[in-house]
Amino acid sequence: MASKIKDTTSDRIFVAAVYIVLGLVALIVLYPLLFVLAASVSDPNAVNAGKVWLLPVGFQLKGYTMVFSSKWVLVGYRNSLFYLLFGTSIDIFVTFTGAYALSRRDIYGRKLLTFFIVFTMWFNGGLIPTFLVVRSLGLVDSPLALVVLGAVSAYNFVICRTFIQNSIPGELQEAARIDGCSDFGLCWRIVFPLSGPVIAILALYYGLGHWNSYFPALMYLNRREWQPLQIFLREILLQNEFVDLEASVDLKSVQELARMTKIMKYSLIVIASFPMLILYPFLQRYFVQGVMIGSLKG
Amino acid sequence: MKTNFSPQAAVRKKSPAKGKGPLFYMARSWRLYVLLAPTVVYLFIFNYIPMYGIQIAFRDFVATKGIIGSPWVGMKHFRYFFSSPQFSSLLVNTIKLSLFSLLWNFPFPILLALMLNEVSCIRYKKFVQNITYMPYFISTVVLVSMLNLFLAQQDGMINQALAALGGAKVDFLGKAAYFRTIYIASGIWQGTGWSSIIYLAALSGVDTQLHEAAQIDGASRIQRMWHINVPCILPTATILFIMSCGQIMNVGYEKVYLMQNSLNLEVSEVISTYVYKTGLLNVKYSYTTAIGLFNNVINVIVLLLVNQLSQKLSETSLF
């Protein structure tokens with residue numbers, strides 16, 4: 001607000017209060033994250049005794065070496081990266097081509113087709129009927145299930161379509177059409193390269209979904225070697241089952257494992273959240289735009 | 001900028017193609033249908049075929065006989081569910097959990113956005129924003145394990161702090177009474193920053209002339225916030241509220257399922273977790289499909305009702 005009128009004293013007090021409250025909010029949000037990071041590199045005894053509050057006590061990386069020596073954590077990491085890369089690429093491809101087609105006002109049956117897609121936002125078959133379909137397609141216990149499922153979310157579809165409609169100048173497509181470009185060419189050679197922001201948003205939403213979800217894997221996968229990271233995380237962090245961790249490092253006894261459990265868990269949390277947190281600064285400037293588009297109607 | 005490309009429409013205007021039916025236009029832009037095909041095929045298979053499969057709620061589904069071959073039993077499963085001892089507790093748990101989290105989660109993003117909007121130092125604003133967005137990127141499994149680690153009765157960080165301050169240790173995870181509070185508070189921690197983005201965007205669209213005029217009339221910052229900013233984000237808030245009402249029966253079952261333990265099950269068993277356990281783990285397909293359908297129908301009804309109500313009261317509605 002570029003106002004020329006000076007704030008009154010009460011206004012200044014109000015603004016100061018806002019700054020302080022926001023600082024406190026940021027602190028409350030950040031503290032648990034910082035604590036996890038500090039605890040993961042601290043001395044296990046200090047962590048167990050509750051001596052770590054903000055800064056690491058007795059720096060060491062044993063928790064991390066332990067986690068990385070676990071075969072299943074690595075398998076989970078590999079699988080999750082696979083689902084993330086292939087899943088997200090397919091999601092973006094399918095969503096983008098579809099959204100482009102429906103962004104064109106001249107596609108016959110546009111209203112009906114849009115309704116066909118948006119309807120899935122409000123009504124679905126439910127857990128069991130969906131499971132039966134996936135099973136009859138032979139996707140149970142197939143890694144393909146985690147790649148394919150969720151390829152189109154109506155919400156992301158609408159975001160993408162709205163972006164193309166509002167941000168890509170129609171004249172550009174018209175010019176390309178006159179130069180002999182087909183609809184395929186328009187979609188992939190003209191509109192796609194100009195859709196950076198919305199692709200970033202789709203990548204974020206779909207990627208986050210693939211990396212962080214565990215329920216589809218719980219439902220559709222039984223084979224251990226295909227499980228994503230989140231399943232192993234649940235096993236270790238929540239169910240306290242350390243399938244191969246006992247054997248991994250030089251853990252002489254049960255006591256030694258009990259001593260290491262906490263920092264190992266904190267290290268695992270850091271490692272599991274790392275890929276999404278490094279994506280964050282790259283995609284961050286598109287957040288506002290993406291969420292904004294999503295708020296527009298239909 | 002909002003001109004939408006449609007060569008066909010332009011052509012149509014010049015020479016109205018009389019007598020040319022839909023097939024003519026569809027054939028001319030067949031490539032667009034090819035582009036749309038993957039989306040339609042995907043949604044058809046994974047969303048519409050399951051909708052067709054909902055009818056097993058009215059049948060006794062036997063996998064070998066298929067959907068159509070299974071005997072029709074009408075409302076049997078619904079009657080069974082409504083008269084089952086779990087029914088009332090499931091319904092109450094689901095509604096309480098989602099209603100309370102809706103009501104608690106709703107105001108915080110608005111407050112955060114209103115406060116951020118008062119900050120004129122861009123760097124400070126960006127700093128607070130970036131920090132509050134961060135928890136959104138953490139997975140449910142990680143969030144729940146952080147809760148378990150922090151709240152553990154013996155060596156959890158919170159209890160260690162309580163003990164250091166001379167208080168008694170509290171069994172946060174073992175008492176059903178704490179379940180909803182933990183669920184909602186952690187939800188606020190994780191979601192407030194992210195949800196505030198949309199309100200910030202709405203606030204950036206507020207006409208500065210309104211503020212200038214109010215300032216000249218001697219309005220304080222609080223008055224301007226209340227009489228200008230709040231009304232300006234009210235339509236956005238209404239739309240978001242209606243949309244969350246359409247999800248009233250879908251509590252975040254991923255998180256609930258992970259937070260469940262034998263000690264808090266009396267309040268943490270909700271419809272969706274019950275459907276998963278009974279349906280998939282105990283293989284009662286028809287019965288749980290009926291429950292799922294009941295759930296879904298309530299969602300749609302609530303959505304339509306709230307939408308109607310809001311249309312009457314504030315002329316803001318989803319459709």
Side-chain angles (χ1 to χ4, degrees), chain A residues 1 3 5 10-11 14-15 18 21-22 26 29-30 48 50 94 97-98 100-101 104-108 117 120 122-130 132-133 151-152 165-166 170 173-174 177 182-184 187 212 214-215 230 233-234 237-238 265 269 272-273 276-277 280 287-288 291-292 295, chain B residues 1-9 22 25-26 29 31-32 35-36 38-39 42-43 47 49-51 53-54 115 118 128 131-132 135 137-139 141-142 144-146 149 155 160 189 197-198 201 208 211-212 215 220-222 236 246 254 258 275-276 279-280 285 288-289 292-293 296 300:
Chain A
M1 268 163 270
S3 55
I5 303 169
S10 64
D11 275 354
F14 174 67
V15 171
V18 164
V21 172
L22 283 175
V29 174
L30 193 60
N48 294 338
V94 174
T97 51
Y100 172 72
R104 291 268 301 261
R105 300 242 179 235
D106 56 323
I107 184 166
Y108 189 85
I117 289 157
T120 61
W122 307 115
F123 198 79
N124 59 62
L127 188 83
I128 304 293
T130 310
L132 291 176
V133 169
V152 182
Q165 270 177 13
N166 293 348
Q173 294 190 59
E174 225 158 313
R177 165 52 71 75
S182 76
D183 288 332
F184 293 150
C187 179
N212 282 347
Y214 78 96
F215 221 75
Q230 300 295 330
L233 285 182
R234 173 168 175 252
L237 295 173
L238 292 171
K265 283 186 173 181
I269 288 177
S273 310
M276 285 302 122
L277 290 176
Y280 177 81
F287 289 171
V288 176
V291 176
M292 209 25 211
S295 71
Chain B
M1 284 291 272
K2 291 206 177 177
T3 47
N4 288 295
F5 176 54
S6 76
Q8 270 80 10
Y25 296 110
M26 287 170 84
S29 51
R31 286 185 182 86
L32 290 180
L35 289 171
L36 191 58
T39 305
Y42 174 83
L43 290 178
N47 287 76
I49 295 180
M51 286 184 208
I54 287 179
M115 284 197 293
E118 297 296 318
V128 175
I131 283 175
T132 49
F137 292 81
I138 289 172
S139 78
V141 178
V142 166
V144 176
S145 19
M146 278 168 69
L149 282 164
D155 55 355
Q160 279 167 344
W189 178 76
I197 296 180
I198 198 160
T208 48
H211 279 283
E212 277 162 25
Q215 261 184 318
S220 72
R221 270 181 179 264
I222 301 178
T236 312
E254 295 206 346
L258 290 176
V275 166
Y276 170 69
L280 279 189
Y285 292 154
T288 45
T289 304
L293 179 60
N296 224 329
V300 173

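A, B, ... follow the sequence lines: proteins, then strands. Residue 1 opens every chain. Worth saying up front: this structure is predicted, and the values here are computed from it rather than measured.
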Contact origin within Leu22(A) toward chain B - heavy atom pairs under 4.5 Å: both
Mark yes or no for whether Ser139(B), through its side chain, and Asn212(A), through its backbone, hold a donor-acceptor pair below 3.5 Å. no
Partner chain B: residue of Gly126(A), Ala272(A), Gly98(A) with the largest heavy-atom pair count (under 4.5 Å): Gly98(A)
Go through Thr130(A), Ile269(A), Leu238(A) and name the one with the most non-hydrogen pairs under 4.5 angstrom from chain B. Leu238(A)
For chain A, which candidate among Val128(B), Leu280(B), Ile49(B), Asn47(B) shows the most heavy-atom pairs at distances under 4.5 Å? Leu280(B)
Chain B contact via Phe184(A) - side chain, backbone, both or neither, heavy atoms under 4.5 Å: both
Check each atom of Leu233(A) against the heavy atoms of chain B and say whether the ones under 4.5 Å are side chain, backbone, both or neither. both
Relative to chain B, which segment of Leu127(A) carries a heavy atom at a distance below 4.5 Å: side chain, backbone, both, or neither? side chain
Would you mind checking which part of Ser273(A) comes under 4.5 Å of any heavy atom in chain B, side chain (CB onward), backbone (N, CA, C, O), both or neither? side chain
Contact leader toward chain B among Asn124(A), Leu30(A), Leu277(A), Leu237(A), where contacts are heavy-atom pairs under 4.5 Å: Asn124(A)
Is there side-chain contact between Ile107(A) and Leu36(B), with at least one heavy-atom pair below 4.5 Å? yes
Rounded distance (nearest 0.5 Å) linking atom CG of Leu258(B) with atom CZ of Phe215(A): 8.5 Å
How would you list, by chain and number, every residue that makes a side-chain hydrogen bond (donor to acceptor under 3.5 Å, both in side chains) with Ser10(A), sequence neighbours excluded? Thr8(A)
Please look at Tyr42(B) and chain A and tell me whether the side chain, the backbone, both or neither of the residue comes under 4.5 angstrom of a heavy atom of that chain. side chain
Where on Val94(A) is there a heavy atom nearer than 4.5 Å to chain B: the side chain, the backbone, both, or neither? both
At a 4.5 Å cut-off on heavy atoms, which part of Val144(B) comes close to chain A: side chain, backbone, both, or neither? both
Calculate, to the nearest 0.5 Å, the distance between atoms CG and CG belonging to Asp183(A) and Leu32(B) respectively. 4.0 Å
When the 4.5 angstrom heavy-atom criterion is applied to Val15(A) and chain B, the contacting part is side chain
Is chain A contacted by the side chain of Leu293(B), its backbone, both, or neither, given a heavy-atom distance below 4.5 Å? side chain
